[in-house]
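Structure, as structure tokens:
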Amino acid sequence: METKLVSEHLKQQGFVLIKQVIEPSEVVALGHFCQHLTDDVKTQHLAGRSLNNVAIMQQAGEPFVYRINSLFQFQPRFACLLAHTKLMSYVEAIVGEPVLPSYESIVIKNSLDSLGFDWHRDMAVKTQEPIITLGIYLDDAIAEQGALKVVPGSHCSQLCVCDIKRQLSDSRLQSVNVTAKAGDVVIHHVNTAHCSGKQESSAIRRTIYFEFRAVSHFINNPRFSSQWIEKRQALMANIKALNLEHTQRHFQLPNDFYNTQQIEAAEYCFEFAQ
């Protein structure tokens, strides 16, 4: 898919699905990174260690890791994705200038998760800037099994998430299912309303997420310190200086990389009975 078409579709609809951005061999390698990471986190959890930025579900006495934030802290080799030429060409075409990642995480859904993710926006603050969330699918996401749903055009709407949910319930608004295959990438604007249901099959579904913003945005946003920006710029420079294979095998992250992490809150709908 041409970068121009990707940019136009995201600008109009608030999301875009790009097929087979990540090669099958890369998907396998990322899957191995993920398995090693979750096995290690689970071992630490069972040993009684306190783990920040990790969400663990307990079902029938068995722990299951279903979300890890500050991803590079746990597995720096996921940073190899920032050196992926095809992937980053789409990101920079959408944003229109050099970018930095705001955060990185992985979500692992399985049939034990009975909740899914309710309708929300990734950022509560309304913005027309091209701030985007990018999801890299390591497994197939099927509509009938709780895959992503989005409300097209909602990134431009002034409605709150609660009003969007009401208008969806009485069919004044329509959502669409986003079916993805392993290796596909879904990009959406941070103000696009979206949700996903519980995983209806016995298979797991793993998605790596990045948020990207323009470097100029970070410089002009007082939420992000110059120290934070410099660390992220150094990360990107170091990755670009290495080849992809070297990044996968040998990349290391400074110990204080996440010390000053601050991003805006998401917007969910919380309503209470009268």
Side-chain angles (χ1 to χ4, degrees), residues 1 5-21 66-67 90-91 94 103 105-111 113-201 203-212 264-273:
M1 193 172 185
L5 293 177
V6 167
S7 298
E8 290 176 352
H9 194 278
L10 187 134
K11 186 175 181 180
Q12 294 172 7
Q13 299 295 315
F15 77 100
V16 61
L17 167 66
I18 315 172
K19 294 287 190 179
Q20 297 303 289
V21 176
Y66 72 94
R67 186 181 185 109
Y90 287 122
V91 172
I94 291 168
Y103 76 80
S105 66
I106 188 166
V107 172
I108 306 162
K109 302 190 74 174
N110 74 104
S111 57
D113 177 11
S114 61
L115 299 176
F117 291 94
D118 198 6
W119 287 102
H120 66 283
R121 289 185 169 107
D122 291 343
M123 183 189 292
V125 177
K126 302 295 192 299
T127 179
Q128 291 304 305
E129 289 187 72
I131 302 176
I132 58 173
T133 300
L134 179 148
I136 300 167
Y137 284 76
L138 304 186
D139 305 285
D140 295 351
I142 302 169
E144 294 77 17
Q145 296 178 358
L148 179 70
K149 292 183 179 181
V150 303
V151 179
S154 55
H155 63 306
C156 297
S157 173
Q158 295 303 308
L159 293 174
C160 67
V161 172
C162 287
D163 286 339
I164 288 174
K165 287 183 66 175
R166 293 187 194 101
Q167 293 198 16
L168 286 168
S169 67
D170 62 18
S171 299
R172 283 181 287 166
L173 281 176
Q174 299 293 325
S175 65
V176 298
N177 294 310
V178 183
T179 298
K181 295 286 189 180
D184 291 352
V185 167
V186 177
I187 303 175
H188 66 264
H189 191 279
V190 290
N191 287 158
T192 299
H194 60 288
C195 74
S196 62
K198 65 179 182 178
Q199 179 74 347
E200 297 288 355
S201 75
I204 62 172
R205 187 167 79 238
R206 302 160 296 178
T207 311
I208 301 168
Y209 290 102
F210 292 92
E211 182 187 275
F212 289 101
E264 298 86 351
E267 179 193 359
Y268 282 83
C269 176
F270 298 101
E271 295 185 301
F272 303 94

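Just so you know, these numbers use all the heavy atoms, side chains as well, and skip hydrogens, waters and symmetry mates. Since we're looking at a predicted model, the values are computed, not measured.
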Pairs in or reaching into residues 164-180: which pass salt bridge (charged side-chain N to carboxylate O under 4.0 Å, His left out), with residues at least two apart or in two chains? D118-K165, D163-R166, R166-E271, D170-R172

My understanding is that only residues two or more places apart in sequence, or in another chain, count here; which of them pass disulfide (SG to SG under 2.5 Å) with C160? none

Once disulfide (SG to SG under 2.5 Å) is applied, do any residues pair with C156, and if so which ones, sequence neighbours excluded? none

Can you tell me how far [atom2] of [Y] sits from [atom1] of [X], rounded to the nearest 0.5 angstrom?
| X | Y | atom1 | atom2 | result |
| --- | --- | --- | --- | --- |
| L10 | L5 | CG | CG | 12.5 Å |
| C162 | Q167 | SG | CD | 12.0 Å |
| I187 | L134 | CD1 | CG | 4.5 Å |
| I164 | S154 | CD1 | OG | 5.0 Å |
| K11 | Q128 | NZ | CD | 9.5 Å |
| T207 | I106 | OG1 | CD1 | 7.5 Å |

What pairs with [X] under side-chain hydrogen bond (donor to acceptor under 3.5 Å, both in side chains), at least two apart in sequence or on another chain?
| X | answer |
| --- | --- |
| T133 | D122 |
| S105 | none |
| E129 | H217 |

Side chains of residues 178-185: which donor-acceptor partners sit under 3.5 Å, not counting sequence neighbours?
unit_1 : atom_1 : unit_2 : atom_2 : d
D184   : OD1    : Q20    : N      : 2.7
D184   : OD1    : Q20    : NE2    : 2.9
D184   : OD2    : K19    : NZ     : 3.4
D184   : OD2    : K181   : N      : 2.8

Pairs meeting criterion ring pair (Phe, Tyr, Trp, His ring centres under 6.0 Å) with involvement of [range], two or more places apart:
| range | result |
| --- | --- |
| residues 157-185 | none |
| residues 132-164 | H155-H189 |
| residues 160-186 | none |

Show your reasoning for whether side chain to side chain contact (heavy atoms under 4.5 Å, CB included) applies to T192 and V151. CA-CA 7 Å; T192 299; V151 179; 6.0 Å; no

Do the ring planes of H120 and Y268 sit parallel (below 30°), tilted (30 to 60°) or perpendicular (above 60°)? parallel

Going by the angle between their ring planes, with limits at 30° and 60°, are F212 and F210 parallel, tilted or perpendicular? parallel

Do any N or O atoms from the side chain of K109 and from the backbone of G197 form a donor-acceptor pair under 3.5 angstrom? yes

Can you tell whether the side chains of D139 and R206 come within less than 4.0 Å, N to carboxylate O? yes

Please list, chain by chain and in numerical order, all residues satisfying salt bridge (charged side-chain N to carboxylate O under 4.0 Å, His left out) with E264, sequence neighbours excluded. R213, R223

Any idea which heavy atoms bring F117 and C195 closest together, and the distance? O-CB, 3.2 Å

Smallest separation among heavy atoms of S196 and R205, with atom names: CB-NH2, 4.3 Å

Sequence-distant partners of K126, side-chain contact (heavy atoms from CB on, under 4.5 Å), two or more places apart: R121, Q158, N191, E267

Counting C-beta onward and ignoring hydrogens, is there a side-chain heavy-atom pair between F15 and V176 closer than 4.5 Å? yes

Tell me, do W119 and L168 make a side-chain contact under 4.5 Å, heavy atoms counted? yes

Can you list the steps and then say if V150 with H188 is a side chain to side chain contact (heavy atoms under 4.5 Å, CB included)? CA-CA 9 Å; V150 303; H188 66 264; 5.5 Å; no

